[in-house]
Amino acid sequence: MKKKLLWICAVSGVLWTASSCTNTSQQTTVDIIPQPQSVEVSGGEFTLKDGMTIAYSDASLKPAAEYLASMLGRSTGYKFQLEEGDGGDIRLQLSGEASAKEGSYSLEVNRGKAVVSAAGYPGVIAGVETIRQLLPAEIESPAVVDGKTWTMPAVSIADGPRFQWRGLMLDVSRHFYSKEEVMELLDLMALYKMNKFHWHLTDDQGWRIEIKKYPLLTEKGAWRTFNSQDRVCMRRAKAEHNSDFEIPESKLRIVEGDTLYGGYYTQEDIREVVKYAAVRGIDIIPEVDMPGHMLAAVSNYDGVSCFRQTGWGKMFSSPVCPGKESALEFCKNVYAEIFPLFPYKYVHLGADEVEKDNWKKCPDCQKRMRDNGLKTEEELQSWFVHQMEHFFNENGKELIGWDEIIEGGLSETATVMWWRNWNPQAVPTATAHGNHVIYCPNANFYLDYLQDKYSVQNIYTYGLAPDSLSEAQRSLVLGVQGNIWCEWIPSRERMQYMAFPRMMAIAEIGWSEPENQDWDGFERRMIGQFPRLGILNVNYRMPDLTGFHKTNAFVGETEVKVVSPDPSVAIHYTTDGSIPTLESPVYSSPVRITESTDFIFRSFRANGKAGDLFHTSFIKQEYAPATDAAPTKTGLQAVWHEGKTNSCAFIDRNPVKGTYEIADVSIPGAVKGDIGLVITGYFNAPSDGVYTFALLSDDGSTLKVDGAMVVDNDGPHSPQEVTGQRALAKGMHPIEVRYFDSNGGTLKLEVLDPEGKPMKEGIYMH
Ligand code: ACM
Ligand code: ZN
């Protein structure tokens, strides 16, 4: 599909940006997410009026028409008539080629009519969501907005998704979300044409779905006393003045003097949520994770785990026992109640992170292995998955599992959800075997990972289904998914903060063809969506404040400048180490300083919601003198200490495995597995000036220049860049980079000259 220019002329309203246009004084872009395949603009506009008719061509579309009428009615206050037939001011109709990709639609809007045509319900809903976004943001208002004219531009849109799977996973085990909170998320998914909600219903920290045959799963398993993760959240709420980290009181109950925290969905609740999602074109994929992560089952029912164990700690690492018929029966009975609740093809078995020590010791497991010729516990895991898969298939379902299901042998029909970034062979292997895959590699698509100024872009620019796969393999890629794991996400507010705006990037790369994707355009449209999200009361994360580094150096005096990509926020700051509040000074123009100063900056939305804390130090320095050393070789020297560690400070405790010469700061090709690197040499400063060092790593890294710490990016973490500065006199300065990681990660150092330009060649000597 060729990229089309998306200009619209001669219309007015919230979507429009004024500039020159050939036949009028206004030029306009259609700012919707995800970017449609093609948009043509005919001029003119369509205006909603009270009493208009929404017609639907087939009874199966009635729920879509009701959904549209209720969405438009809330804010406009208008009553819309619904009728089955071919008329209507707004018409939803089944037409078009049945062979078109599910979700494809066309939308024709002119002065008199808006018509959505699609081969099926998903396409009609996609068209409805486009109408929603073409209307002013206030259409999202929960109450009537008086005096507003509700117009959308006359357009001709032909659109359809790149991938059939545009998913979002929510972990409701680690923290519980009410059905209303889940429905709100479904509404937001629909807004961006996401169509698969993966509901992670059980895990060690809570069982959230009623199973009538095994009532203890929820009677006991849905409730807990506060665990260490809850306590961290509560501490953060206080320390950061951030109520998003508080455990919601609505999810507490007092039993015999103990405060218990949790909740679960009855089967009736589940039916209600499934119905709500279906109206919005969203399938729900339940996951009851097994054979690991099954604490509620193994601790409340006999015959499910290998051994009768008592004690919470031991139970945590007790998976289901694949050697026992009683355990298999238990698992199948659970799913027998799950299947009828979710009328869709796919069901997720989980099967991640199984601690297999028990299986090695369990006579039943060992017998099962002997009887079936299974050589390893990985093969026993696969045997279990295959048993469940047969059961799924007998019940008309297809199994999805995390990419661990590849180990020990993949069955014919399983779909692999690739999450382990450090297992990059998952997609090539599974698709070569003929299995479908869904992308959600953790480094980019885990929405519980902390955000920085690159996290949205890291999603947006991720190459799904790359050319390194054959065409046949690419055709097996179902799509992409973002996962919200909730260990550290106790509230609806925090959940939304982590999901937005990243979720919008996932929606767009899942829907729009690569030639219709462009980061700058997306970023602009994303910021353009914030008023809409604001009206929807979504606690989205504001873009990072920029213009400074973690550590900044200056000589004499300097001006501290702060930039917000979203001009609607207010920036407050402190210099005494306290957390900025709305009462703290407002940053409105550059702040001049003559002494070392530590700032904390924080954005606030108009509704008072605060964003992340941006700590930055401005350190007054003299130009650090160069050394007398006269290194002769270009590049740097790297020493690999092999072994696990969790801090750069401990790298040298592990034995040296090899020494390498490298051109710049990077992981030498031969270094793999458990990595501890110490990279040394000299940085050659071509002139006196303040130099900037940007150190990106997964996991931790540190940079010292002249023995002084300039970037501290230490600790276990996913890819994260930290920048620092130092004032250097012309000449050689000793540097040391330390880096550790297990499973192969990322390491990169970029140096900027005093003008802020990247330095490339000949900057290192040793
Ligand atoms: C996972 O993150 N354990 C699938
Ligand atoms: Zn066993």
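Indexing begins at 1, ligand by ligand and atom by atom, following the structure's order.
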Apply the test salt bridge (Lys or Arg N to Asp or Glu O under 4.0 Å) to residues E184 and R492: give CA-CA distance (whole Å), side-chain angles for both, the deciding distance (0.1 Å), then the verdict. CA-CA 10 Å; E184 185 185 15; R492 161 203 175 272; 2.7 Å; yes
Hydrogens and angles aside, do D612 and Y497 bring a side-chain donor and acceptor to less than 3.5 Å of each other? yes
Y446 heavy atoms within 4.0 Å reach ligand 1 at atoms 1 (C), 2 (O), 4 (C)
Hey, is ligand 1 close enough to E353 that some N/O pair sits below 3.5 Å? yes
Identify the protein heavy atom lying closest to atom 3 (N) of ligand 1, giving its residue, its atom name and the separation to 0.1 Å. D352 OD2, 2.6 Å
Going by ring pair (Phe, Tyr, Trp, His ring centres under 6.0 Å), H198 matches just one of W165, W402, F342, Y346. Which one? W402
Numbered in order shown, the ligand 1 atoms found under 4.0 Å of a heavy atom of W485 are 1 (C), 2 (O), 4 (C)
F445 ring center within less than 6.0 Å of Y439 ring center: no
